[in-house]
2 protein chains.
Amino acid sequence: MSNNLDFVAKLRNSGLRPTKQRIKICEILFGGKETFHFSINDLSKIIAQKTNEKISLATIYNTVHAFLGKGYLKQIAVNSEQSYYDTNVSDHHHFYDVDKDQLIDIHDSEVEPVKINRKIPGKKIKSIEVLVKLQNI
Amino acid sequence: MSNNLDFVAKLRNSGLRPTKQRIKICEILFGGKETFHFSINDLSKIIAQKTNEKISLATIYNTVHAFLGKGYLKQIAVNSEQSYYDTNVSDHHHFYDVDKDQLIDIHDSEVEPVKINRKIPGKKIKSIEVLVKLQNI
DNA sequence: AATCAGATTATAACTATTCTAAAGTAATAA
DNA sequence: TTATTACTTTAGAATAGTTATAATCTGATT
Ligand SMILES: [Mn+2]
Ligand SMILES: [Mn+2]
Ligand SMILES: [Zn+2]
Ligand SMILES: [Zn+2]
């Protein structure tokens with residue numbers, strides 16, 4: 001449970017001015033015990049619900065992009081309808097519950113390391129992402 | 001190298017009328033030796049280039065959706081900018097070259113089977129997709 | 001040939017996202 | 001402190017991918 005001074009420092013350290021809006025978004029994204037996954041729309045709703053003063057959509061997009069660029073957030077490719085983000089920036093894989101439209105972390109201990117036996121000349125691996133789609137039994 | 005009668009049969013067998021437009025799209029999608037990956041925009045350009053009479057975007061979307069529903073195409077989640085489709089409907093994984101915005105098949109022989117050691121109650125696995133992002137060295 | 005369900009199309013509508021440019025705010029200098 | 005400046009926020013416009021609408025057309029069937 002970080003306090004706001006931590007967020008101010010975090011923002012300053014990465015060259016972002018600690019504005020009211022950014023600090024509030026930090027609280028929501030990084031102030032809880034658990035990491036979580038969200039869409040911009042999700043985040044916008046959480047903000048609306050936890051805050052009196054509203055934050056514009058443009059600022060939410062700007063801030064999420066800035067945090068992505070700083071490595072404070074990760075983007076998850078689930079489908080092409082919207083972008084999903086993850087406050088868990090460690091390397092890990094996901095279940096995607098297609099019925100509930102929900103991402104669930106798969107810990108590295110829960111999946112055998114993915115071994116790719118092929119090289120592409122001139123290219124190096126940037127990331128390996130496993131997406132396990134789940135549906136109701 | 002199928003001929004058009006094959007496509008007519010394929011369409012009829014799945015309850016789709018073999019129209020001029022659908023047959024032309026079949027030729028492009030399934031008439032070559034190799035499978036490939038495409039976006040709607042890609043397909044639209046290929047059609048424009050290989051055809052005198054143009055096919056409307058609405059028909060291209062309709063047809064791709066119909067083929068998806070019949071299992072003639074697979075949808076690949078790469079990013080949230082647009083949808084990508086695959087004429088290779090077998091179970092397989094992908095490289096994604098982020099610099100060239102291009103998908104490359106990974107054959108099952110080139111990757112160790114992905115083993116997930118976790119169950120989610122009430123859910124079953126629908127698919128397991130590995131996306132290996134590549135960048136220039 | 002007549003009929004009719006299904007298909008195509010232009011175009012409007014929709015949604016997620018990005019852009020714009022004006023007004024506001026935080027950092028810094030004086 | 002105040003002035004200056006660069007960065008930030010914001011409403012709203014613009015864009016892009018996609019889906020919906022409704023008129024027209026076409027292929028299958030009688
Ligand atoms: Mn959601
Ligand atoms: Mn492309
Ligand atoms: Zn996660
Ligand atoms: Zn493929």
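Residue numbers start from 1 in every chain, and the chains themselves are labelled A, B, ... in the order their sequence lines are given, proteins ahead of strands. Predicted, not measured: the structure shown is a model, and the values here were computed from it.
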Legend entry - Salt-bridge present (Glu53(A), Lys20(A); N to O < 4.0 Å): yes

Inset, instruction - Starting at atom CD of Gln82(A), determine the distance to atom P of dT18(D), rounded to an integer number of angstrom. - result: 14 Å

Inset, instruction - Under 4.0 Å between any heavy atoms, over every strand shown, what does Thr19(A) touch: base, sugar-phosphate, or nothing? Just pick one. - result: sugar-phosphate

Legend entry - Between C1' of dA26(C) and CG of Leu11(A), the distance in whole Å: 13 Å

Inset, instruction - Would you kindly compare Tyr61(B) and Arg12(B) by the position of their nearest DNA chain D nucleotide and give the one closer to the 5′ end? - result: Tyr61(B)

Inset, instruction - Find which nucleotide of DNA chain D each of Pro18(B) and His65(B) is nearest to by heavy atoms, and output the residue with the more 5' nucleotide. - result: His65(B)

Inset, instruction - Look at the side chain of Arg17(B) and decide which nucleotide, out of dA20(D), dA7(C), dT10(D), has an atom nearest to it. - result: dA7(C)

Legend entry - Closest non-hydrogen atom pair, Gly71(B) against Val89(B): O-CG1, 3.4 Å

Inset, instruction - For this output row, return yes or no: ring centroids of His94(A) and His37(A) closer than 6.0 angstrom. - result: yes

Inset, instruction - Is it possible for you to say whether Val98(B) and Ile120(A) belong to one hydrophobic cluster, with membership spreading through side-chain heavy-atom contacts below 4.5 Å? - result: no

Legend entry - Candidates dA7(C), dT9(D), dG17(D) - which lies nearest the side chain of Leu16(B): dA7(C)

Inset, instruction - Measure from the side-chain heavy atoms of Ala58(B) and tell me the nearest of dT11(C), dT8(C), dT17(C). - result: dT11(C)

Inset, instruction - Find the distance Glu81(A):CD to dC14(C):P and express it as a whole number of Å. - result: 18 Å

Inset, instruction - May I ask you to say what Asn41(A) touches in the nucleic acid, namely base, sugar-phosphate or nothing, with a heavy-atom cut-off under 4.0 Å? - result: nothing

Legend entry - Length of the CG-P vector between Leu57(A) and dC19(C), whole Å: 15 Å

Legend entry - Rounded interatomic separation in angstrom, taking CG from Asn79(B) and C1' from dG17(D): 12 Å

Inset, instruction - Check every strand shown and say whether Ser80(A) touches a base, only sugar-phosphate, or nothing at a heavy-atom separation below 4.0 Å. - result: nothing

Inset, instruction - Could you point out which residue of Tyr72(B), Tyr61(B), Phe38(B), Phe67(B) forms a ring-ring contact (aromatic ring centres under 6.0 Å, His included) with Tyr85(B)? - result: Phe38(B)

Inset, instruction - Would you mind reading off the distance between Glu53(B) atom CD and dA10(C) atom C1', rounded to a whole angstrom? - result: 17 Å

Inset, instruction - Nearest whole angstrom, please: distance from the P of dG24(C) to the NZ of Lys54(A). - result: 16 Å

Legend entry - Length of the line joining Asn62(A):CG and dG12(D):C1', which is rounded to integer Å: 14 Å

Legend entry - Candidates dT17(C), dT10(D), dT9(C) - which lies nearest the side chain of Ser83(A): dT17(C)

Inset, instruction - Using only side-chain N and O atoms of Gln21(A), determine if any of them is under 4.0 Å from OP1 or OP2 of dT10(D). - result: yes

